[in-house]
Amino acid sequence: MGKKMTGSQALLESMLAEGVETIFGYPGGQIMPVYDALYDYQGRLRHILVRHEQGAVHAAQGYAREKGVPGVCMVTSGPGATNVVTGIVDAMMDSTPLVVIAGQVGNAMLGTDAFQEADFLGITLPVTKWSCQVKSPDDIAATIARAFFIANSGRPGPVVVVLTRDAQVGMTEFEYKKCEFINTYQPHPVASDNKIALAAQMIAEARYPFVVYGQGIIISHAEKELEEFLAKTNIPAGSTLLGLSALPSNCPQYTGMLGMHGNVAPNALTQKCDLLISIGMRFDDRVTGKVSEYASQAKKIHIDIDPVEINKIIPVDLGIVSDAKDALVKLIPLVSRKADNGWEQDVKECYDVEYEKVIKPEAERGEGTINMGEVVAKVAEVSGGKAVVVTDVGQNQMIGARYSRFVQSRSFLSSGGLGTMGFGIPAAIGAKVAAPERPVCLFLGDGGIQMTIEEFGVIMQERLGVKVILMNNNWLGNVRQWQQLFWQERYSCTRMINPDFNAIAEAYGIKNRIVETREELDEAVREMLSNDDAYLLNVHVTEEGMVFPMIPPGKSVDEIMLNTEEWYKNGNN
């Protein structure tokens, strides 16, 4: 017989049994019984009070991505629950493990349109790995065990548990048993030995192989295995946006970031290779460009834990359904070093072109207003590449990805598939809570900062030393760039009149500084990073800054453009 307690207590005891340390949440009427119980768990469970429920779910995402465990957030019914839907969808697209607890009206009130009732179960079923509604306290322990198992196994993702008021206040005898198996769910597919052998044979026969990898490497903790595989074979590799930091930036085989705003070399190698080996990535459209012309010359191997991703977008010659680490562990003994094929020279030539036409004018000292690339490059230089880099979404995201440098994994957090503006501040909060010993540097724009700026209150209350680098250009920069290039310079609704961001930071007790000239930048960045407290660096960057290279939408990877002059020279206007 277990110990008798309320359903609310059973929920919190279940959290402790799963190793939960931190909950991000916001109280309300239909989750009040749990919050009342939480009063007695101070010192055992840390609750971080966000200022908006969207902040709770994004903070839980940042925590999960940095710590490698499920993030937990807790909200009330109705609007409290619906406010986390964006983050749930974001987590689903980016394979982030979350357990979202939502309150609900009492059993007798279900379906009556009671105050703050919404069918949160129905709302979230299409956008989660699993959603359920618990009406009895007796079901809480088993449901939470199942929720954590589903969220963090196989391809991770968000799980929603809706607790009616009856489930929270009723009594139950608590016994907890971790879930380790579900009959209808097979999260750990085993790579076929025959397919692994065939992959090794295809690699041996290839003249010019190339590896593209994604966040699956980080999720499966396969960073060392990937580095060993590349070193042994001397095959070059390129990263997706969310795969950044899986390899250190100075890895000899690392060629840069793939995709729309990626580096020239990995995009060029994609179109030249005769064997494309993709590991833990899903061929997102921002990577492939025009699908029919993506690496059409190459044979393809695709290793992914989710069978749905195999042949979903890019047809492949060999699909291996497997955890990335398991597949690499099996593959490494079967491969050997390939003869030099000149890829190093190809990469150098691509880099030299990109350096002259893109990197040098963007990221090095020049004339006039500060460029976004200069800001990110300076933070990378001063931090030694040791910071956890978090970005919001937009130009700041792509520039942050392009010019940051990394020396260890789990050092780049961003909203990938959904592209959620407002992700940055709460995700940085979650990352800092997960890794308090690491510097956390958040890059965002003047659009995204205003979507979740209320979460400065969490930074203040929890005394979190997040470094916020605002690249302030008075525009919705990414949309403005597209309007300039693809919409005949019709700048509709993208100009911004902004508040005094430093005054806002001051009101929240956050140290701050404005940087308007290039001569101030180095000293300002060093001051920010040498300070243990939270800091807002408001850098006034050029208003018409652009992110290049760029593969125009609908174009192939071969049609990458390096600057605005190229675009107009080719007859575009």
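No experiment lies behind these values; they were computed from the predicted model shown. Computation of the quantities below employed the complete heavy-atom set of this structure, encompassing side-chain atoms and omitting hydrogens, waters and symmetry-equivalent molecules.
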Residue pair Glu506, Asn512: steps toward the side chain to side chain contact (heavy atoms under 4.5 Å, CB included) verdict | CA-CA 7 Å; Glu506 196 74 31; Asn512 58 90; 2.8 Å; yes
Derivation and outcome, side chain to side chain contact (heavy atoms under 4.5 Å, CB included), residues His221 and Arg410 = CA-CA 10 Å; His221 304 282; Arg410 297 190 184 274; 3.3 Å; yes
Begin from the C-alpha positions of Gln450 and Asn498 and carry the test side-chain hydrogen bond (donor to acceptor under 3.5 Å, both in side chains) through to its verdict.
-> CA-CA 9 Å; Gln450 295 182 78; Asn498 288 319; 2.9 Å; yes
Can you check side chain to side chain contact (heavy atoms under 4.5 Å, CB included) on Met528 and Val382, steps first, answer last?
-> CA-CA 10 Å; Met528 176 186 70; Val382 177; over 6 Å; no
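Side-chain contact between Glu462 and Ile48 is present, with at least one heavy-atom pair separated by less than 4.5 Å. Residues Leu258 and Tyr213 are not in side-chain contact: their nearest non-hydrogen atoms beyond the backbone lie 4.5 Å or more apart. Looking at heavy atoms from C-beta onward, Pro426 lies out of side-chain contact with Val458 at the 4.5 angstrom threshold. No side-chain heavy atom of Lys312 sits under 4.5 Å from any side-chain heavy atom of Phe283. Proximity of Leu230 to Leu247: side-chain heavy atoms (C-beta onward) are separated by under 4.5 Å at one or more points. Taking 4.5 Å as the limit, every side-chain heavy atom of Val376 sits out of range of all side-chain heavy atoms of Ile469. Between Ile459 and Ile429 the shortest side-chain heavy-atom distance falls below 4.5 Å. At least one side-chain heavy atom of Val72 sits less than 4.5 Å from a side-chain heavy atom of Phe148.
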N/O donor-acceptor pairs under 3.5 Å from side chains in residues 10-23, not counting sequence neighbours:
| from | atom 1 | to | atom 2 | distance (Å) |
| --- | --- | --- | --- | --- |
| Glu13 | OE2 | Tyr41 | OH | 2.8 |
| Ser14 | OG | Ala10 | O | 2.7 |
| Glu18 | OE2 | Tyr176 | OH | 2.6 |

Could you pull out every donor-acceptor pair under 3.5 Å between side chains of residues 116-125 and any protein atom, sequence neighbours left out?
| from | atom 1 | to | atom 2 | distance (Å) |
| --- | --- | --- | --- | --- |
| Glu117 | OE1 | Thr112 | N | 3.4 |
| Glu117 | OE1 | Asp113 | N | 2.9 |
| Glu117 | OE1 | Ala114 | N | 3.1 |
| Glu117 | OE2 | Gly111 | N | 2.6 |
| Asp119 | OD1 | Gly122 | N | 2.9 |
| Thr124 | OG1 | Phe120 | O | 2.8 |
| Thr124 | OG1 | Leu121 | O | 3.4 |
| Thr124 | OG1 | Ser131 | OG | 3.0 |

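The shortest heavy-atom contact between Phe406 and Ser411 is CE2-O, 3.4 Å. The two residues Ala324 and Ser220 make their nearest non-hydrogen contact at CB-OG, 3.4 Å. Contact between Pro156 and Ile219 at its shortest, heavy atoms only, is CG-CG2, 3.5 Å. Annotation for Phe229 and Val211: closest pair CE2-CG2, 3.9 Å, computed over non-hydrogen atoms. In this structure, Val388 and Ala431 approach most closely via the heavy-atom pair CG1-CB, 4.3 Å.
Between the side chain of Ser249 and the backbone N or O of Arg405 there is no donor-acceptor pair closer than 3.5 Å. A donor-acceptor pair is defined here as one N or O able to donate and one able to accept, closer than 3.5 Å; no such pair exists between the side chain of Asp304 and the backbone of Glu309. A donor-acceptor contact shorter than 3.5 Å links the side chain of Lys129 to the backbone of Ile150. Formation of a donor-acceptor pair under 3.5 Å by the Tyr35 side chain with backbone atoms of Tyr26 is found in this model. The backbone N or O of Leu49 lies less than 3.5 Å from a partner atom in the side chain of Arg51, making a donor-acceptor pair. A donor-acceptor contact shorter than 3.5 Å is absent between the side chain of His302 and the backbone of Arg282. Side-chain atoms of Lys67 do not come within 3.5 Å of backbone N or O of Gly430 as any donor-acceptor pair. Looking only at distances, a side-chain donor or acceptor of Gln168 sits under 3.5 Å from a matching main-chain atom of Gln30. Checked by atom type and distance alone, the side chain of Arg286 never pairs as donor or acceptor with a backbone atom of Thr240 at under 3.5 Å. Here the side chain of Thr128 pairs no donor or acceptor atom with the backbone of Val159 at under 3.5 angstrom.
Rounding to the nearest 0.5 angstrom, the gap separating the OG atom in Ser322 from the CG atom in Leu328 is 8.5 Å. Within the model, atoms CD of Gln215 and CG of Leu244 stand 10.5 Å from one another, a figure rounded to the nearest 0.5 Å. Residue Met421 holds its CE atom at 9.0 Å from CG of Asn478, rounded to the nearest 0.5 Å. Annotation: the span from Leu537 atom CG to Lys511 atom NZ amounts to 14.0 Å, rounded to 0.5 Å. Interatomic distance, Glu223 CD to Glu225 CD, rounded to the nearest 0.5 Å: 8.0 Å. Atom-to-atom distance recorded for Ser153:OG and Ile305:CD1 is 8.5 Å, nearest 0.5 angstrom.
Every pair passing salt bridge (Lys or Arg N to Asp or Glu O under 4.0 Å) that includes a residue from residues 438-458 is listed here, sequence neighbours excluded: Glu66-Arg438. Residue pairs meeting the salt bridge (Lys or Arg N to Asp or Glu O under 4.0 Å) criterion with at least one member in residues 389-402, sequence neighbours excluded, are Glu354-Arg402.
When the options Thr86, Val393, Val390, Leu242 are evaluated for a side-chain contact (heavy atoms from CB on, under 4.5 Å) with Ser415, the one that passes is Val393. Only one option out of Asp90, Asp94, Thr96 pairs with Gln61 in a side chain to side chain donor-acceptor pair (under 3.5 Å); it is Asp90.
A salt bridge does not link Glu227 with Lys224: every distance from a Lys NZ or Arg NE/NH1/NH2 to an Asp or Glu carboxylate oxygen is 4.0 Å or more.
In the displayed structure, Tyr39 atom OH is contacted under 6.0 Å by at most 12 heavy atoms of other residues, nucleotides or ligands. Atom CZ of Phe412 is surrounded by more than 12 heavy atoms from other residues, nucleotides or ligands within 6.0 Å. At most 12 heavy atoms of other shown residues, nucleotides or ligands fall within 6.0 angstrom of atom CZ in Phe115.
In terms of the ring-ring contact (aromatic ring centres under 6.0 Å, His included) criterion, residue partners of Phe24 (sequence neighbours excluded) are, by chain and number, Tyr63. Not counting sequence neighbours, the partners of Asp139 by the side chain to side chain contact (heavy atoms under 4.5 Å, CB included) test are Val134, Ser136, Thr143.
At a cut-off of 3.5 Å, with distance as the only test, a side-chain donor of Ser414 or Thr391 sits close to an acceptor on the other residue.
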